[in-house]
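Data first, discussion second: the structure below is written as structure tokens.
Both backbone and side-chain heavy atoms feed into the values below; hydrogens, waters and symmetry mates do not. All figures in this text were calculated on a predicted structure; none of them were measured in a lab.
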Amino acid sequence: MHEISKETESQESVKENTKKDLLDIIKGMKIELSTVNVQTTKPSSTRQLKSVEATINRLQKAPGDAPKKRTKSLSPELVAAASAIADFLPFDKQTTKSELLRQLQQHEEVSKAQKNGGRAKISVSNIISDMKVAKSATIRASTRPVHQIQFDEGSDDYMSQKTSDVKKSLRKNMLKGKRLNIFDLKAVTEETSETETTPSLWDIEFAKQLAAVNEQPLQNGFAEMIQWTKDGKLWEFPINNEAGFDDEGSEFHEHIFLDIHLKDFPKQGPIRHFMELVTCGLSKNPYLSVKQKIEHIEWFRNYFNEKQDILKENGIEFN
Amino acid sequence: MCPLFSGSWGTRFYSGSATLPKVEGTNITGIEEVVIPRKKTWDKVAVLQALASTVSRDPTAAPYAFQDDPYLIPASSMESRLFLLAKKSGENAAKFIINLHPKYFQKDIAEPHIPCLMPEYFEPQIEDISEAALKERIKLKKVKASVDMFDQLLQAGTTVSLETSNSLLDLLCYYGDREPSTDNHFQQSEKSEELEEDTGENDKKSKADDQFGVTWRAKNNAERIFALIPEKNSYSYCTMIRGMVKHRALVQALNLYAELLNNRLQADVYTFNALIEATALNMNEKSEDKWNNILELLKQMAAQKVKPNLQTFNNILKCLRRFHAFGRLPGLQTFREMKAIGIEPSLATYHHVIQLFYHHENPSKGSSRIIYDIMNEITGQKFTPKDPDDDMFFQSAMRVCSFLRDLELAYQVHGLLNTGDNWKFIGPDHRRNFYYSKFFSLLCLMEQIDVTLKWYKDLVPSVFFPRSQTLIDLLQALDVANRLEVIPQIWKDSKEYGHTFRSDLKEEILMLMARDQHPPELQVAFADCAADIKSTYESQDARKTAPDWPANSLNCIAVLFLRAGRTQEAWKMLGLFRKHNKIPGNKLLNEFMDSAKASNSPAQAIEVVKLAGAFSLPICEALTQRVMADFAISQEQKEALGNLTSPTSDSDSDSDSDISEGI
């Protein structure tokens, strides 16, 4: 009793969910139609077509099967339970038993079908199978050009395997197969001596087009700052005080220790004293380059050389 | 001086002071080997990139590029395009002014110097007739000036070096003996790649291009100068061939190639790529012949030991698309060849393969499964731009997912888009909109409503602005999932995205709200929404001279008012029916009758019958019966009713006159 009420309830819930089922079926329909059509393009391979037709027949016959066939697929415990209930109930034993077994059989087939990747419920699959058969009848009559069969060869392989293996086999099919066999791997990969040429106008414009492929509007402020850095408008992080300033490669000691340049001057006397003051001042000057400082000292040397006679008058030695 | 501090100032490095012995002179045998670590150099944008990687997209904010004045934040794709164009044109205008008057912009206080902010000089500086002047003009891309300078040099008797002649030929061939266009930014985005989108128009447009797109003038300067060069090398021939193919002078290109072979010179890989394109575009041959010619070219390439590159194979695949179904097997063979010799396919390769197999969307034929192959191959891969067509892949992949109605595949494609930097390959605005519209429509169709609504919140409007069709798809998904209470929110969003005046969208919304009875709070919300839609119709009326309210909308709005208890407004709607000459539905009239009964007003009931009579509706009789049965009406009213509904010829003329009164 309990089970019959459950079954009637489930039947009602099935009706409630018909809308959802219909949608599922519609979603499933598209793929099912296409699978059949791909098969029928090659008339010679009727093997797959026959298997499809066999399943259609099986589905159509399912409600009308003899009880013997049905009970074979069900487990003996279920059969025993069904017959026990039939005995227990006051209705006609044979009919209740056959009804219960039929319901169980339907559930069994539905779960089997869904396990195998099928999408239709038994009650509505009849509609679909009708549609399948009609379609195949019309398509078989159409002829295809010869070269089309080559392509369909590949796709036929797909359909003959189960859906779980389909993706693996597909991968092999795209990569495996005949290639043009024009180029040789060794010949292509050997390093030819390539002369260094400046990029031509074609290369520059192609590079510009390539750069434009990836152009997208900036996503955040940091991306904008990156763009400015690449343009040269923004300091580079982390900030380096001396960015862009090379000082002509001179080191700090060349700025400070300027005594070396005084070796042509007298070692003692007012000139030396004066020049030491000059070098002291120059060493503290951050604005002149080393070259300019040396030139400064040079100027003094020339000046004193010119004014030798005045120096001699005053008794100062300079050589 | 510590040796660790030598080196240029621009790099930072890490000193491994932990490896130095701390105390000198203690245990000499125990001193470890000093391992100076390798200097680490950082890219100049490394810090900023690290910071940028911490920021992710905010779905509630406008995209960063639009954050300026809040009033200007765009609310539709048209507005966003205008915004970006305005921004760019402002920059261009500023640059134009600076370059026009360079003497006013000489002050340079930036330290270090910023070259890109200084005025640029576009006029040639060298004035005498020399090869250096010619080179300068070529560099500045002045086509006519270069040609003139070349002619002057030849007249003066000076020989021009082969290199300079070749670079002059480059300039002429690339621009087809025309001056290069100055405003490239706006035009390039609208140009030829539009062909790829609408599959139906693809063939026609590209054919038109071939016939009318021959932009290579006969006997132009390129050919003339080519003839003048005394000792042409293979580069001269190559650049001429490339120029001819670019400007669609295909037969001449092939002839020149024959001449090149006759002179026993060798073409480079770029020339072969151009020749392949020329062979495929040739209109006069059948597909099989064209394919054989292409194979012939490839064999010559192999024989001359010219290495093919990615462009070679992409060009072949692009050309095979023109051969439609015939091109599929050769396409697969080409792809396998490419993999066999170690050339890594780019996104453009996969795009061409997809277009080859899925171009003609004919659901009755079997669909190829090759998209699954492709996605298995490239899932998880990070791409860099290698071909200008790389940004077409995602659009075509999503189109195929939508066509196959496969949501899992769509998720896979979207996952690939979000891998690494692949999001940059989504392409310009219209392509991004297409991709997301298709993706979202597929979600509406196939995904559970909660997940769909989450995607809606995430994508709209920060990633794309939905078209009205996309919103209609969303409404239908809500209908299927029985979540009609979200509809008023969708209407509010629609107004924000510029769909206030889209009648198909408004009709869909009203129809969904009015179809069934709902609990009272929801009914009130629906009535508010309907009132809002009514006001949009009214403001539309104010602007147009011929007002246009669809009958459906009138019906639905009236029903919604009635059900929410806004009876006064509902009765006003009846007047609108007459004004716009639209026929009220039977269901509506019955509901009005119910409402009249509920408020126990015979006058209103008679109003309803009069309206029905004015339009000569068949239901008029049934309504009259009802009025007579349910209401207490006076004798005159009964007679008036009788006049309205009696089926004699007199009443026909009466009802005619009624109609003429009503109109």
Non-hydrogen atoms of chain A under 4.5 Å away: do they reach the side chain of B/Ser167, the backbone, both or neither? neither
Heavy-atom distances under 4.5 Å only: say whether B/Lys339 touches chain A with side chain, backbone, both or neither. side chain
Residue pairs passing the salt bridge (Lys or Arg N to Asp or Glu O under 4.0 Å) test where at least one lies in residues 200-223 of chain A, sequence neighbours excluded: A/Glu205-A/Lys208, A/Glu205-B/Lys141
Let me know if B/Tyr175 has heavy atoms under 4.5 Å from chain A in its side chain, its backbone, both or neither. side chain
Check: B/Tyr174 ring centre within less than 6.0 Å of A/Trp202 ring centre: yes
Roughly how far apart are B/Lys424 NZ and A/Gln216 CD, rounded to 0.5 Å? 8.5 Å
Using heavy-atom distances under 4.5 Å, tell me whether B/Phe66 contacts chain A through its side chain, its backbone, both, or neither. neither
Output yes when a side-chain donor or acceptor of B/Arg336 lies under 3.5 Å from a complementary backbone atom of A/Lys178, and no otherwise. yes
Does A/Phe183 offer a backbone N or O that forms a donor-acceptor pair with the side chain of B/Glu337 under 3.5 Å? yes
Counting heavy-atom pairs closer than 4.5 Å to chain B, which one of A/Asp246, A/Val213, A/Asn214, A/Leu210 comes out on top? A/Asn214
So, the part of B/Ile343 with a heavy atom under 4.5 Å from chain A: the answer is neither
Select one option (side chain, backbone, both, neither) describing which atoms of B/Phe425 are under 4.5 Å from chain A's heavy atoms. both
B/Asn166 versus chain A, heavy atoms under 4.5 Å apart: side chain, backbone, both or neither? neither
Can you say whether B/Leu117 sits under 4.5 Å from chain A via the side chain, the backbone, both, or neither, judging by heavy atoms? side chain
Qualifying residues under salt bridge (charged side-chain N to carboxylate O under 4.0 Å, His left out), relative to B/Arg432, sequence neighbours excluded: B/Asp429
Residue among B/Leu48, B/Val47, B/Val45, B/Leu171 with most heavy-atom pairs under 4.5 Å to chain A: B/Leu48
Nearest heavy-atom contact between A/Phe206 and B/Lys386 is CZ-O, 4.2 Å
Check each atom of B/Pro385 against the heavy atoms of chain A and say whether the ones under 4.5 Å are side chain, backbone, both or neither. both
Taking every heavy-atom pair that is under 4.5 Å apart, which of A/Ser200, A/Gly249, A/Ala211 has the most such pairs with chain B? A/Ser200
Among A/Leu218, A/Ile226, A/Thr229, residue most engaged with chain B (heavy-atom pairs, under 4.5 Å): A/Ile226
Given a strict heavy-atom distance threshold of 4.5 Å, which part of B/Thr239 is in contact with chain A: side chain, backbone, both, or neither? both
Counting only non-hydrogen atoms closer than 4.5 Å, does B/Gln311 touch chain A with its backbone (N, CA, C, O), its side chain (CB onward), both, or neither? side chain
